[in-house]
S.K.: 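Sharing a structure, written as structure tokens. Questions coming.
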Amino acid sequence: MAGDEGTPQTPARRVTRSSSATPLKPSLVSPNLLSPPTHAPPLESLSTEPMSADDLLALLPSRKSQILEFLRVIGPLNSPMLPALLYGGPSTGKTITILHVFRFLRRRFVYASCRSCYSPRILFETVLNQLLCHRRTRENGYSSAKRCERASDFVNLLRDALIRPKTAPGDEKKTFCSKEGHGDGIGEMIYLVFDNVELIRSWDKGSEVLPLLFRMADVLKTPAVGLIYISRAMPDAYYSMTGSVEPISIYFPDYTVDDLHNIFMRNQVNQKLYSSFLSIVLKPYSRVTKRVDELATVFDPLFKKYCEPLADLSLVPDEAMKRKLFDHLQPHLTASLNEIFTVTPWSLVEVAKERTPKRGHVRKLCGKEVFSELDIHMSTSAKYLLISAFLASRNPATLDAALFDSTGGSNNRKRKRKSTQTSLDQQDDMAEEILMKGPGTFPLERLLAIFQCITSVMDCSVEEEQFEDGVLAEGSNVWLMSDALLQLSTLCNANFICKSGNFQLEGSTRYRSMIDEDMALKVARSINFPLSKYLYRR
Amino acid sequence: MVVEKAPTLLRARLCDPTYVHAAFKSCPQSNYSKLKLLIASSIADAYNNSALLLGPRGSGKIAVVDLVLEDLKAEHPDTISVIRLSGLLHHDDNCAHKEIARQLCLEHQLQFSKMASSDDNSQFMIDMMRECGLAHKSIVFVLDEFDLFAQAYKGKQRLLYSLLDAMQTLTSQAVVIGVSCRLDADQLLEKRVRSRFSHRKLLFVPPSREDIKRLVEYILYLPQDSGLSSLMYRFESIKSLDGELLGHMNILNDTIFNRILDSLLDVDGTVSNLVQFLFRAVSFINLESGLLSLDNFKNAQICNQRQPKTDSLHVCMNKLERKEQDLYNFNSVMKEYKAIHDAYKTSDSYEHSVCLRAFEHLLERELIGFGEYKGRNLSIEFRPVKLLISPRELYLGLKSNSSCPAILQKLLDHESFK
């Protein structure tokens, strides 16, 4: 991000055939699959209708004490406040609480997230745009109101924008302000909300911007500004070497199981059905993670599986039916518990739907089955290169001669000797060392040597098969050296192989393979390569 | 209702540092008086001067400077112009010169050109200093975060040198006040800069207990004649069991209050910490009666404490640390984890990928961190990590987490006895 000044990138002009085909697919699928049903309404629908205190507490069921604390810190109308820091784990409702509280209070605020404003200039310009009620549209070429790169300019412009009299801006500007929920504010205080401030630490100029942000109140010297920071990191993360002024901190603890239950029960059409579902799944899953977004992605497909036997989704289940549904869901639960909570990509879900009728029994949930195949498309030479890299990292260099001789190495297996105690200890130590150090490094020459060995072996076997089929071999000698080097750089960019710069004594760079054994097996299986014969097992 | 204005008034006072530190104005030995004397004499006798204000953060250095300048401007109208620079914003020389030129133009109603180059700006500054000197007006430069100016840009302190040099060579009347929270800020200066700098230093120390009490009274006291319904904080009615009014209590003399205050100031004795505490207490004000009570202060104290978080992977890491392994990474933690589960046959055994996710969560929350920079190219499973919270915090966190399985507690206790 260092060189990127934040100019919007024009999208790539290439349009391949596959991308023109995909717009059809989402229309076939129901939209529910993608949007989590349990979250509060998205930001765009935050209108300026007045909200009562009860509505506020009802929208955010488990955050009552935090809301009250925050309201206390903000204080009554037109009263100044010390800067406040809201911190807590991810997905604990910090941002949504703030936005709802401001909607309830109907005071003017400016919101900037350091996740979408990823450099200082974008952050500064976003804040100024909102203060000046300026919208980036096509007419003004998507430019900001003021160009601001340096912090000193930002402070001066900010001071001007805050002090200027609150005369009503032009009509369209006013509607823009009120649509965003910003301009309809009452009172003279303006609140600046900075979200995700922990990300600033990883910026290029982050070490300058962060102390400035936290001392903004002192630097600005305008009493009519309230500063609010939202962060995932604890306040300890912001202590600097020269001391820092601590803002008032408000802690958002993780949700308890009861809170999670309340959150998931909101916006459900059939309350009884969903609550019986939750009573089964919530307890075991909440031991793994308490994050609402992860749980939502897991519960969606499970709930669909749960409702499969039911013909009518709106009926209230009685005990017998609950029992039946539970039995139906049971086998999926244990398998699903061991998956990571990611949303399965579209293509895999579609493929899984085609496949499930074929299987006699459902072994695992749809995601897991499909993952046993490689879901990345790579060229054959790239696959061979990847496997050579994996072998080079796993096996010690001294074994190469034995494994990769002209016969393909499959005859010389390491014979098992009787293991004495010392050799067992040695093996334990070496196993521990593998665990600690990770995959080994190898020079480029070794990689290319292994690559040539493997491909020449596979060449022979492929030619034999094709000779039997009577089909002409399809350019089996086509893997030139230059092609391999190109593939290597592609694999490096994709982070399958990485350069390790530590051993410069020999003058050549060394590489390290970053894939684990599962992936290597998948790749090997896809090209019918007997990987296990070549792996050095201790 | 007048009572509702009280919290607003108190908050406005607390948020304004100049008000807070004006409490010590009258004291003859205070930094306020010394600084005032310094600047006043340099204005009156028309010579250059420089001083450094040093002290921990939140001790009110800038507040005192502002107070002094405000008073002096009232006493000697039209003879002082103030230029404020901050090390956070203006440590770059070009930026600083531009800002000085801009502020000078603002003060003297001149046109500021944004297109002016850095040389033009610095020349303008020198000319202005000469002119003001001839006209017997003083320029006061307030340099906030002075240590950042001294460390700027490869250590060539061009701005400082040009300022101080101009003061020596020209017929100028300037006062340079540096404000910093590093007590060794003057050691950071180059030799040529230091020789032109007068070594006057004003140290800001945290106030004593009596001063603190006076400060609290000064801030929270709302006089009766301002139209507010009752004296704040002084009176909390004590009712006996029969419901009779026994008497009123002055909170300031109450032992519990003093104890709260002591525990607060033991951690951080600066004024800003006190102000934050008072702010929280004020936020709890009972709006109907408008009285601050002892409970408010207690609540404010509770808010200040923080919560630890933990996880079962943590306990494994703790075990490993106890075994005095300097380096461990995710795989060794996994081995421990599996060992524990095999030993105790709990139901919590999860697969590799789920544990990796939990590991990433722990990294996100910064409860563990990567140990060394060497292994940067490795994937997450092989990089060595270190535990970032102490065993005591881990223990507290486990205790407060009600859904935590008992096995973890036992394991932790065993480790602590070994």
Side-chain angles (χ1 to χ4, degrees), chain A residues 69 72-73 75-82 89-90 150-152 155-156 208 211-212 215 217-219 223 232-237 242-246 248-251 253-254 256-257 286-289 291 294 337-341 432 435-439 498-502 512 514 516, chain B residues 4 7-8 11-12 14-17 56-58 62 86 88-92 95 98-99 102 144-145 147 181-182 272-273 275-276 279-280 283-284 303-304 306-307 309 327-329 331-332 335 348 350-351 353-354 356-358 361 364-366 374-375 377-379 381-384 402-403:
Chain A
E69 198 175 337
R72 272 200 296 267
V73 170
L77 196 58
N78 290 336
S79 73
M81 60 177 273
L82 292 178
R150 296 222 191 105
S152 51
V155 170
N156 290 335
E208 296 170 6
L212 171 66
R215 299 203 62 203
D218 293 333
V219 171
R232 275 192 193 176
M234 304 286 134
D236 310 5
T242 52
S244 50
V245 179
E246 273 195 51
I248 298 186
S249 45
I250 301 179
Y251 177 57
D254 284 347
T256 63
V257 180
S286 62
R287 290 173 76 94
V288 181
T289 175
R291 285 176 61 162
E294 291 183 343
L337 260 182
N338 273 324
E339 291 179 22
I340 37 180
F341 304 108
E432 184 114 0
L435 270 191
M436 282 304 300
K437 277 216 228 140
C498 78
K499 272 196 197 178
S500 85
N502 284 345
R512 192 197 299 265
M514 303 285 279
D516 59 347
Chain B
E4 280 160 8
T8 314
R11 289 163 69 106
L14 286 169
C15 292
D16 183 15
R57 278 206 195 272
I62 290 281
S86 167
L88 281 174
L89 306 171
H90 308 127
H91 54 85
D92 182 28
C95 245
K98 186 168 160 190
E99 183 64 22
R102 195 188 69 90
D144 200 3
E145 310 282 346
D147 45 308
C181 56
R182 282 183 66 157
S272 67
N273 196 23
V275 163
Q276 230 188 55
F279 186 83
R280 269 211 197 258
S283 67
F284 276 103
C303 288
N304 269 346
R306 298 215 200 108
Q307 338 269 344
K309 292 312 284 173
L327 293 172
Y328 41 87
N329 62 15
N331 283 334
S332 25
K335 254 183 41 184
D348 266 340
Y350 296 112
E351 261 196 20
S353 50
V354 180
L356 192 57
R357 252 308 162 103
H361 283 328
E364 220 176 55
R365 286 184 190 229
E366 307 202 351
K374 244 191 350 174
N377 284 335
L378 297 172
S379 59
E381 299 158 330
F382 298 109
R383 285 170 71 173
S402 53
S403 62

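Just so it is clear: chains get the letters A, B, ... in the order the sequence lines come, proteins before strands, and each one is counted from 1. Note that this is a predicted model, so its numbers are computed, not measured.
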S.K.: Just how far is it from atom OG of Ser152(A) to atom CG of Asp92(B), taken to the nearest 0.5 Å?
M.R.: 8.5 Å
S.K.: So, do Leu89(B) and Val219(A) sit near enough that their side-chain heavy atoms are less than 4.5 Å apart?
M.R.: yes
S.K.: Of the non-hydrogen atoms in Cys15(B) and Leu82(A), which two are nearest, and what is the gap between them?
M.R.: SG-N, 3.7 Å
S.K.: Just how far is it from atom CG of Leu88(B) to atom CZ of Arg215(A), taken to the nearest 0.5 Å?
M.R.: 6.0 Å
S.K.: For the residue pair His90(B) and Arg150(A), establish whether any side-chain heavy-atom pair is separated by less than 4.5 Å.
M.R.: no
S.K.: Could you list the residues that satisfy side-chain hydrogen bond (donor to acceptor under 3.5 Å, both in side chains) with Asn156(A), not counting sequence neighbours?
M.R.: Glu99(B), Arg102(B)
S.K.: Under 4.5 Å, counting heavy-atom pairs only, tell me which of Cys95(B), Ser86(B), Pro17(B) racks up the most with chain A.
M.R.: Cys95(B)
S.K.: If you compare all heavy atoms of Ser79(A) against all heavy atoms of Arg11(B), which two are closest, and at what distance to 0.1 Å?
M.R.: OG-NE, 3.1 Å
S.K.: Give, as side chain, backbone, both or neither, the part of Val155(A) having an atom under 4.5 angstrom from any heavy atom of chain B.
M.R.: side chain
